[in-house]
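Some notes on the structure that comes next.
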Amino acid sequence: MRDLEQEQQRVDEVVAKMKLKSAALEQQAGAVKSEVVGIRQNFWEDVTVNFDDAVEAAETFTSLKQQVELLAERERSHHHGNEQLKILKRLQSSPYFGRIDFIEDGEEEERIYLGVGSFYDEETEQFLVYDWRAPISSLYYDYGIGPAQYEAPGGTITGEMKRKRQFVIRNSHIESMFDTGITIGDEMLREVLGKQANTQMKSIVATIQKEQNRIIRNDTSRLLVVQGAAGSGKTSAALQRVAYLLYRYRGGLNADQIVLFSPNSMFNSYVATVLPELGEENMQQATFQEYLERQLGKHFDLEDPFTQMEYALSSKSDPGYPVRMVSIRYKATMRFMRLIERYVEAVHEEGLIFRDIMFREEVLISAAQIHERFYSLDASLSIPNRMQLVAEWLKTELRRLERSERKKPWVEEEMQFLDNDIYVRAYRRLQKQKEYSEHTFDDFKREERLLATVVVQEKFKPLRRFVKRLQFLDAVAVYKQLFAPGAAEQFQMDLPEQWADMCKQTVEKVDAAELFYEDATPYLYLKEQLEGFQRNTSVRHVFVDEAQDYSPFQLAFLKKLFPLARMTVLGDLNQAIHAHAADNGFMAAEELYGPKQTETIILTRSYRSTRPIIEFTSQLISGGENIEPFNREGEKPSVTNVLKEKLAQRIIERVRSLQAAGHETIAVICKTASESTEAYNAMRDDLQLRLIRKESASFEPGVLVIPSYLAKGVEFDAVIVYDASQYCTEDRKLFYTVCTRAMHELYLYASEEEKPLLADVSRELYVQG
């Protein structure tokens with residue numbers, strides 16, 4: 001108890017110093033901001049501008065340069081002060097989370113406190129708080145009590161760790177504190193251990209914490225694969241890894257060089273505050289669908305993965321359903337990628353399809369001419385290189401055709417209705433050429449020639465753009481050609497039995513200017529194989545969350561897209577809910593880089609949910625016995641049979657009781673979007689609800705009604721499964737995913753007696769509602 005009082009006293013003293021420093025920084029920031037505004041307002045008054053001769057011009061340049069440098073320095077100072085202020089304000093609520101007592105060889109014992117940012121006290125000339133990523137802080141993560149060392153800028157520092165203490169501090173108040181030999185990275189665990197700090201509890205979490213530290217601090221593997229059970233801390237460790245990398249390689253790595261591919265926009269909102277809380281700017285975040293939309297959205301109406309999922313879950317009566325399911329699975333595979341590569345090899349020799357270049361409803365350069373030109377080029381050159389050579393030839397041809405077009409009657413007609421800006425442009429060109437004096441424009445033959453040139457150039461602009469973008473290649477027709485009768489069969493590859501029907505389905509969709517989700521990546525891959533791959537060489541780290549949802553094809557595509565990046569993929573095979581999941585990219589990831597460049601870390605302990613929820617959900621899936629629950633007590637899940645017409649009312653009552661108990665995030669999870677809409681409409685008059693759709697962009701506390709597949713990656717205080725009887729045997733992983741969203745309480749309602757997915761669950765693990 002005495003220790004706690006002393007530690008709280010230190011917290012109070014440190015926070016008081018932080019408040020003083022904050023007040024000084026705010027005053028300083030205000031003064032610097034006023035100075036910046038003043039420099040901007042008076043910029044030209046403070047600069048001597050004179051270009052009369054070389055000496056005056058040089059002085060003008062020097063004056064300008066000095067003023068620009070002064071403004072830049074003050075703006076940098078203002079930005080730096082604001083960043084310091086942000087960190088200090090964050091630290092005031094929770095100044096630190098750890099303490100280590102370390103004796104460097106030959107020195108006195110030093111107490112080191114760790115937080116999300118550093119705090120240096122000028123008065124005592126000491127760091128009262130060290131940033132968690134500083135070299136000395138690695139002692140906290142890498143060692144227990146006993147001999148320890150860390151790498152400092154001046155070399156290796158060795159010594160002995162005497163104590164490791166952890167805190168949960170909120171609003172400047174220590175809520176829990178305990179001494180331990182290991183590092184506990186999760187706040188929930190720290191809080192629990194602070195209240196039940198016995199040896200058994202500490203040893204339970206030792207393994208997972210070491211594995212999480214391996215994830216965070218791995219900087220050698222080209223591919224880091226993190227397989228983890230639901231609630232095992234994969235995403236949390238990944239975000240801490242981003243913060244660590246940004247700090248470890250500061251100066252050589254910035255947030256713009258890190259990309260996180262996340263499962264949906266709501267998840268982006270959910271994690272958006274994490275990196276700033278760790279003291280770093282957010283990295284680039286996107287969904288894979290957003291990338292596809294940027295590349296293909298102008299030309300196609302793209303299906304998204306959630307629409308595909310909705311179809312898979314709710315359209316089993318559709319006559320084309322069995323073929324579509326086969327198509328989804330096949331187009332996800334590396335076999336289909338190899339088929340496309342074989343196809344590209346074939347069109348290297350013959351078979352590319354080009355478009356006519358049209359002008360005023362006439363063919364200027366025919367597709368046949370372009371075809372002949374392309375295949376007359378050296379066949380040892382790659383297709384993209386030949387495309388560029390054809391483009392250069394087409395630009396030359398367009399210039400020639402422009403000249404001949406100027407004399408045609410339509411040009412004279414166009415000149416009668418010229419826009420003023422085109423006319424002014426022509427006049428300026430005449431002035432620039434100095435063919436007329438500044439005040440005359442009366443040589444009408446020359447004027448007409450120049451105007452004709454300008455008119456034709458304006459009309460040919462779209463054609464030049466068409467050529468520059470390689471649109472003379474009909475990539476859509478080339479993709480469709482792969483699905484023509486007999487086209488793929490010539491490559492003697494193993495095709496699905498339903499290939500002919502798959503081809504018909506695909507072509508019908510493409511003809512409607514639409515793309516199935518399973519076609520988007522293959523089409524883009526083919527297009528880039530022909531036009532040249534648009535690689536991003538500036539990105540150094542790619543993180544793929546929920547990697548089990550990616551197909552092998554998509555993951556291989558990402559590797560080609562970011563050739564210089566290290567990749568971290570995180571996921572759970574038990575949550576592989578998409579239609580292509582039988583052959584998902586998560587399992588294929590290790591093959592992409594080979595065993596020497598790959599490290600796989602497996603997290604088996606789950607601590608999102610209470611022990612009773614984990615024991616229940618573990619029996620829903622094959623291999624669930626390998627999931628280790630963290631010993632956090634709670635109520636058993638509840639399963640309630642209720643008539644369909646009374647379902648909404650019973651759930652309304654449950655939500656109200658959960659709200660009364662203080663739960664802030666409550667999710668009513670439905671199987672499909674249509675069921676979510678139905679549930680929302682049935683309860684909206686009695687509860688304040690938010691209906692989550694695939695386009696929902698933010699995560700906020702409250703009561704959410706959400707489709708099963710959008711709940712992935714997010715956690716809630718309490719989960720209510722709207723109608724558990726809607727899930728059949730093939731929905732096993734989806735059902736498991738839904739139930740594992742619950743942290744504290746789980747309630748399942750069912751409108752039918754038969755619940756096949758609960759058949760294998762021991763009746764002792766849940767209560768009948």
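All values below were derived from every heavy atom in this structure, side-chain atoms included, with hydrogens, water molecules and symmetry-related copies excluded.
- Evaluation of the ring-ring contact (aromatic ring centres under 6.0 Å, His included) rule for F557 yields F533 as partners, not counting sequence neighbours.
- A donor-acceptor distance shorter than 3.5 angstrom exists from the side chain of T740 to the backbone of T737, with no hydrogens or angles considered.
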TODO: Could you walk me through whether Y680 and R690 pass side chain to side chain donor-acceptor pair (under 3.5 Å), step by step?
DONE: CA-CA 8 Å; Y680 175 76; R690 184 172 174 222; over 6 Å; no

TODO: For R763 and Q768, run side-chain contact (heavy atoms from CB on, under 4.5 Å): C-alpha distance rounded to whole Å, both residues' side-chain angles, the deciding distance at 0.1 Å, then the answer.
DONE: CA-CA 9 Å; R763 289 295 300 271; Q768 198 74 39; 3.2 Å; yes

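- For residues 635-661, there are no ring-ring contact (aromatic ring centres under 6.0 Å, His included) pairs, not counting sequence neighbours.
- Judged by distance alone, the side chain of Q554 and the main-chain N or O of S551 form a donor-acceptor pair under 3.5 Å.
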TODO: Please assess C670 against V705 for the test side-chain contact (heavy atoms from CB on, under 4.5 Å), listing each intermediate value before the final yes or no.
DONE: CA-CA 7 Å; C670 304; V705 181; 4.1 Å; yes

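- When atom types are taken as modelled, the side chain of Q227 and the backbone of L603 share no donor-acceptor pair closer than 3.5 angstrom.
- Between T729 and D731, the side chains place no donor N or O within less than 3.5 Å of an acceptor N or O (distance only, hydrogens not considered).
- Across all their heavy atoms, E633 and T610 have their closest contact at O-CG2, 3.6 Å.
- For K316, the salt bridge (charged side-chain N to carboxylate O under 4.0 Å, His left out) partners are E730, not counting sequence neighbours.
- With hydrogens and angles disregarded, a donor-acceptor distance shorter than 3.5 Å links the side chain of Y321 to the backbone of A312.
- Atom CD of E635 has 12 or fewer neighbouring heavy atoms from other residues, nucleotides or ligands inside a 6.0 Å radius.
- A donor-acceptor pair under 3.5 Å links the side-chain atoms of R241 to the main chain of N218, judged by distance alone.
- Side-chain contact check for Y311 and E303: no donor-acceptor pair (N or O, by modelled atom type) lies under 3.5 Å.
- For Q505 against G320, the heavy-atom pair with the smallest separation is NE2-O, 3.0 Å.
- Residues satisfying the ring-ring contact (aromatic ring centres under 6.0 Å, His included) test with F543, not counting sequence neighbours, are none.
- The salt bridge (charged side-chain N to carboxylate O under 4.0 Å, His left out) check on E678 picks up K644, with sequence neighbours excluded.
- In this view, K234 satisfies the salt bridge (charged side-chain N to carboxylate O under 4.0 Å, His left out) rule with no residue, not counting sequence neighbours.
- With ring centers used as reference points, F261 lies 6.0 Å or more from Y291.
- Applying the salt bridge (Lys or Arg N to Asp or Glu O under 4.0 Å) definition to pairs two or more places apart or across chains, none involves residues 737-757.
- A pairwise comparison of heavy atoms in A520 and L515 identifies CA-CD1, 3.9 Å as the closest pair.
- Interatomic distance, CG of D545 versus CD of Q285, reported as 10.0 Å (0.5 Å rounding).
- Judged purely by atom type and a 3.5 angstrom limit, K733 has no side-chain atom pairing as donor or acceptor with the backbone of Q575.
- Of the options L746, L734, L757, a side-chain contact (heavy atoms from CB on, under 4.5 Å) to C739 is made by L746 and by none of the others.
- A donor-acceptor contact closer than 3.5 angstrom is absent between the side chains of E310 and Q308.
- At most 12 heavy atoms of other shown residues, nucleotides or ligands fall within 6.0 angstrom of atom CD in E764.
- Residues S622 and N574 share a closest heavy-atom pair of O-OD1, 3.8 Å.
- In this structure, Y517 has no ring-ring contact (aromatic ring centres under 6.0 Å, His included) partners at least two apart in sequence or on a different chain.
- S609 OG to F716 CZ: the interatomic distance, rounded to the nearest 0.5 Å, is 12.0 Å.
- Considering every non-hydrogen atom in both S708 and I669, the closest pair reads CA-CG2, 3.7 Å.
- Residue I621 holds its CD1 atom at 7.0 Å from CG of D572, rounded to the nearest 0.5 Å.
- Atom CZ of R214 and atom CD1 of I601 lie 4.0 Å apart (nearest 0.5 Å).
- A search for salt bridge (charged side-chain N to carboxylate O under 4.0 Å, His left out) contacts involving K694 returns D304, not counting sequence neighbours.
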Donor-acceptor pairs are to be reported for all side-chain atoms of residues 682-689 against protein atoms at under 3.5 Å, with residues two or more places apart or in another chain.
residue : atom : partner : partner atom : Å
R684    : NH1  : N681    : OD1          : 3.4

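- T617 places a side-chain N or O within donor-acceptor distance of the main-chain N or O of I614, the cut-off being under 3.5 Å.
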Task: Derivation and outcome, side-chain contact (heavy atoms from CB on, under 4.5 Å), residues S762 and Q619 - done: CA-CA 8 Å; S762 169; Q619 291 201 0; 3.7 Å; yes

- [ ] Report the C-alpha separation of R294 and L292 in whole Å, then their side-chain angles, then the decisive distance to 0.1 Å, and conclude whether the side-chain contact (heavy atoms from CB on, under 4.5 Å) test is met.
- [x] CA-CA 5 Å; R294 280 199 297 271; L292 294 174; over 6 Å; no

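- A salt bridge links E615 with R611: the distance from a Lys NZ or Arg NE/NH1/NH2 to an Asp or Glu carboxylate oxygen falls below 4.0 Å.
- Between the side chain of Q257 and the backbone N or O of N254 there is at least one donor-acceptor pair closer than 3.5 Å.
- With hydrogens and angles disregarded, a donor-acceptor distance shorter than 3.5 Å links the side chain of D717 to the backbone of T665.
- If you look at Y523 and F300, their ring centroids are closer than 6.0 Å.
- Ring orientation note: the planes of F553 and F336 are tilted relative to one another, at an angle of 30° to 60°.
- Listed by chain and residue number, Y727 satisfy the ring-ring contact (aromatic ring centres under 6.0 Å, His included) test with F735 (two or more places apart in sequence, or in another chain).
- E675 contributes a side-chain N or O that, together with a main-chain N or O of K671, makes up a donor-acceptor pair within less than 3.5 Å.
- For the salt bridge (Lys or Arg N to Asp or Glu O under 4.0 Å) condition, the pairs that include at least one residue of residues 511-525, sequence neighbours left out, are R324-E518, K331-D519, K480-D511, K509-E514.
- N626 contributes atom CG, which lies 9.5 Å from atom OG of S618 (distance to the nearest 0.5 angstrom).
- To the nearest 0.5 angstrom, T521 atom OG1 is 10.0 Å from Y550 atom OH.
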